[in-house]
Asker: 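Structure provided below as structure tokens; questions to follow.
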Amino acid sequence: MSEVIAKYRLFDRNGNFEKKAEGIALGLTIGSWTDLPHLEQEQLRKHKGRVVAIQETGRETAEGREADVTIAYPSSNFSADLPAILVTVFGKLSLDGVIRLMNLDFSNDLAKRFPGPRFGVKGIRELTGAYGRPLLMSIFKGVIGRDLSYLEKQLRAQLEGGIDIVKDDEILFENRLTPFEERLKLGQQVIAESGKKALYAVNLTGRTSELKEKARRGIELGATAYLFNVFAYGLDVLQELTEDRDIPVPIMAHPAVSGAFTSAPHHGFSTELMLGKLVRMAGADFTLFPSPYGSVALERNAALKTAEMALEENMYKPTFPVPSAGIHPGLVPVLYEDFGIDSIINAGGGVHGHPNGAAGGGRAFRQAIDAVITGRTLEEAAKQHEDLRVALEMWGTGK
Ligand SMILES: CSCCC(=O)C(=O)COP(=O)(O)O
Ligand SMILES: [Mg+2]
């Protein structure tokens, strides 16, 4: 049967979960129906949500007893797009009471209607030429109010440091000093001159109706990747971009704004559903999310599950997990331990704040990555590598 199965976390002081679950299954589908004639009841029955399971977790919270409730919704109720699906499973329900949408499972026929990443981990490794290790990404920092020459200097230093992917900061929008087209052209020119295979993810911004045209124009100018603030626009806008044959480059999903939907413990969406599963279905090749130990820390379990959903084997190519925020070279061992080889180490301040500049910051990260994949400690590696030694002295090691 074609359906989407939603798993909710519910809270109730009286533990009246059966009644609540039935109310949801009915309320989000056919509504009140019992007064209708028998024939109409029969016709409506196939559209009704079905309570699949109710499992109390045994936890008592300030919001009451906690239970996981699973409800299936027939695909015949909605069109095969994320706006319709999200409104079906969590539309008005998200406004009603203490409830969190933890996960969604799609039957195969429905899942096939979504693109998933175009490149996946393997494709991104081919584009960057980086194999056998986590990739290294850095972020332009402090560029608002600066001109192209400043950007150029930062880019050259980052490339010299051995960075695989450089991305705009998500807060860099269309502006007079570093307009989209100019920084894109500059970026491609500097990368070409460096002789490296690095990608530059330019922030694709502006009004929704202008995005595709802008992205296509960027491709004509040589764009190799885009950064996209998906949660300010919506998942379907991401999908529109990733499905467009005239935009054949990887798209990086930035988590800005997502905290408004995912951070409350008893409301909203689980982080892993939004930043792991749904951005992947919508076609993101990279998903950025806060790491468990940086400056914007995400609860460890949520961060691990996000990476798991981005990578787990299914009909889509895997999305590269990018645990981010406040990352410095001393965190590389724990990042590697938690997120493994198919992940991206991403840093802004941890690259640019290095006393030897962004080139030194990049080198320190690469030295740390080389150390972990060859089974050496950072302290050992730092004896041979000055940039790493300086980074450890500055930011320390571990969590
Ligand atoms: C919250 S995850 C996104 C990370 C990000 O956009 C960023 O700018 C991180 O910068 P940092 O200097 O903390 O590495
Ligand atoms: Mg940022």
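Residue indices begin at 1 and follow the sequence shown. Each ligand, and each atom within it, is numbered from 1 in the order the structure gives.
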Asker: Arg363 and Asn356: side-chain donor and acceptor closer than 3.5 Å?
Answerer: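 Short answer, no.
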
Asker: What protein heavy atom is closest to atom 12 (O) of ligand 1, reported as residue, atom name and distance in Å?
Answerer: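 Looking at atom 12 (O) of ligand 1, the protein heavy atom closest to it is Gly349 N, 2.8 Å.
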
Asker: Taking atom CZ as the centre, does Arg113 end up with more than 12 heavy-atom neighbours from other residues, nucleotides or ligands that are less than 6.0 angstrom away?
Answerer: no

Asker: Against heavy atoms of Gly326, which atoms of ligand 1 measure under 4.0 Å?
Answerer: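 Counting from 1, the qualifying ligand atoms are 11 (P), 13 (O), 14 (O).
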
Asker: In ligand 1, which numbered atoms sit nearer than 4.0 Å to a non-hydrogen atom of His254?
Answerer: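 This gives 3 (C), 5 (C), 6 (O) as the contact atoms.
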
Asker: Taking the non-hydrogen atoms of Lys141, is any one of them nearer than 4.0 angstrom to ligand 1?
Answerer: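 True for this residue.
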
Asker: Between Pro255 and ligand 1, which part of the residue brings a heavy atom under 4.0 Å of the ligand: side chain, backbone, both or neither?
Answerer: side chain

Asker: For atom 7 (C) of ligand 1, grab the closest protein heavy atom and report residue, atom and distance to one decimal in Å.
Answerer: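 Protein heavy atom at minimum distance: Ile139 CD1, 3.5 Å.
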
Asker: Is it the case that ligand 1 has an N or O less than 3.5 angstrom from some N or O of Leu288?
Answerer: no

Asker: Between Arg125 and Asp164, is a salt bridge (Lys or Arg N to Asp or Glu O under 4.0 Å) present by the stated rule, with each step listed?
Answerer: CA-CA 10 Å; Arg125 287 197 182 282; Asp164 302 302; over 6 Å; no

Asker: Quick check: of its N, O or S atoms, which one does Asp169 have closest to the Mg ion (ligand 2)?
Answerer: OD1

Asker: Starting from atom 14 (O) of ligand 1, what is the nearest protein heavy atom, named by residue and atom, and what distance separates them?
Answerer: Gly348 N, 2.8 Å

Asker: Checking Asn77 against Thr88: is there a side-chain donor and acceptor pair closer than 3.5 Å?
Answerer: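 No.
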
Asker: Considering only heavy atoms of Ser324, which atoms of ligand 1 have at least one such atom less than 4.0 Å away?
Answerer: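 Going through ligand 1 atom by atom, the ones under 4.0 Å from Ser324 are 2 (S), 3 (C), 4 (C).
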
Asker: Let's go through Glu386 and Arg389 carefully: what are the C-alpha distance in whole Å and the side-chain angles of both, what is the deciding distance for salt bridge (Lys or Arg N to Asp or Glu O under 4.0 Å) to 0.1 Å, and is it a yes or a no?
Answerer: CA-CA 5 Å; Glu386 178 62 9; Arg389 189 191 64 73; 2.8 Å; yes

Asker: Compute whether any side-chain donor of one residue and acceptor of the other, for Thr57 and Glu66, lie under 3.5 angstrom apart.
Answerer: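 The answer is yes; a qualifying pair exists.
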
Asker: Which ligand 1 atoms does Ala347 reach within 4.0 Å, using its non-hydrogen atoms?
Answerer: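 The atoms of ligand 1 under 4.0 Å from a heavy atom of Ala347 are 14 (O).
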
Asker: If you count the non-hydrogen atoms of other residues, nucleotides and ligands that lie under 6.0 Å from NZ in Lys197, is the total more than 12?
Answerer: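 Counting neighbours around NZ of Lys197, more than 12 heavy atoms of other residues, nucleotides or ligands fall under 6.0 Å, so yes.
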
Asker: Would Arg376 and Thr374 count as a side chain to side chain donor-acceptor pair (under 3.5 Å) here? Give the steps.
Answerer: CA-CA 6 Å; Arg376 287 173 300 149; Thr374 52; 3.1 Å; yes

Asker: Closest to the Mg ion (ligand 2), which N/O/S atom of Glu170 is it?
Answerer: OE1

